[in-house]
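Contents: one structure, followed by commentary.
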Amino acid sequence: SYIHLVVASMSYYQTLSDRELTTLLCESDERAFSEIYLRYHSLLMIYVNKKLHDKQESEDIIHEIMTALWKNRLKYNVHTSLASYLYTAARNRCLDLFSHKKVESRYITSLQNFIEYAASNTDYLVRENDLRALIAKEIQLLPPKMREIFLLSRSHSKSHREIADILAISEQTV
């Protein structure tokens, strides 16, 4: 029956060496690929999970590696050890992930610093504007002559002598 044929076929693939499986893989043999997947999935999972300590990310990496193996099957170098190829791919994917997380972490830190700076800078500007409004209000409450002297001194940077000359009053009065 068909089931016996499939089981016999699968047990046949289990007896093949990695080199024989990769040769069949290069010929687009799906059952050879399935055997490679079954043979290496658990081993790669242990290897990757020891590095990442995250089962879902580990599973994703193994899926990416196996997908890449199938997609690049026609370019695969049959003389390369399959185990070596898979473990190197796993290590490189882990390093890529670590690198990506490092960049992501720097970006998040930079963004947090910017947000904190913007918040404190905005707070500073609000307080500065409030203080300016309060000073302007108090200046408006000064008597007219005193307000004029204050504005000449502070806004126009005039000396006491210059203000006295402009307003025709003594320097003591200024």
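Numbers here simply count residues along the sequence, with the first being 1. Computed from heavy atoms alone, side chains included, the values below leave out hydrogens, waters and symmetry copies.
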Approximate separation, where rounding is to 0.5 Å, of [X] [atom1] and [Y] [atom2]:
X      : Y      : atom1 : atom2 : result
Arg31  : Ile36  : CZ    : CD1   : 14.0 Å
Ile61  : Arg91  : CD1   : CZ    : 13.0 Å
Arg132 : Leu134 : CZ    : CG    : 13.0 Å
Ile62  : Thr67  : CD1   : OG1   : 11.5 Å
Phe98  : Lys51  : CZ    : NZ    : 7.5 Å
Leu86  : Tyr47  : CG    : OH    : 11.5 Å

Under the side chain to side chain donor-acceptor pair (under 3.5 Å) test, which residues partner [X], sequence neighbours left out?
X      : value
Asn49  : Ser58
Tyr87  : none
Ser17  : Glu20
Glu148 : none

Please name all residues satisfying side chain to side chain contact (heavy atoms under 4.5 Å, CB included) with [X], sequence neighbours left out, ordered by chain then number.
X      : answer
Asn92  : Thr88, Leu95
Met146 : Leu142, Pro143
Ala89  : Ile65
Gln56  : Asp54, Asp60

**Report entry** Heavy-atom pair with the smallest gap, counting every atom of Leu82 and Tyr40
**Finding:** CD2-CE1, 3.7 Å
Query - For the student: nearest non-hydrogen atoms of Cys26 and Leu74, plus distance - result: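 Answer, listing the atom of Cys26 first, then Leu74: O-CD2, 3.4 Å.
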Query - Test ring-ring contact (aromatic ring centres under 6.0 Å, His included) applied to Tyr85 - qualifying residues, sequence neighbours left out - result: Tyr76
Requested in this report: Could I get the full list of ring-ring contact (aromatic ring centres under 6.0 Å, His included) partners for His41, not counting sequence neighbours?
Outcome: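 ring-ring contact (aromatic ring centres under 6.0 Å, His included) check on His41 returns Tyr37.
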Considering only distance and modelled atom types, tabulate donor-acceptor pairs under 3.5 Å from the side chains of residues 156-167, sequence neighbours left out.
{"unit_1": "Ser159", "atom_1": "OG", "unit_2": "Glu162", "atom_2": "N", "d": "3.2"}
{"unit_1": "Ser159", "atom_1": "OG", "unit_2": "Glu162", "atom_2": "OE1", "d": "3.4"}
{"unit_1": "Arg161", "atom_1": "NH1", "unit_2": "Glu171", "atom_2": "OE1", "d": "3.4"}
{"unit_1": "Glu162", "atom_1": "OE1", "unit_2": "Ser159", "atom_2": "N", "d": "2.8"}

Requested in this report: Please name all residues satisfying salt bridge (charged side-chain N to carboxylate O under 4.0 Å, His left out) with Arg39, sequence neighbours left out, ordered by chain then number.
Outcome: Asp18, Glu35
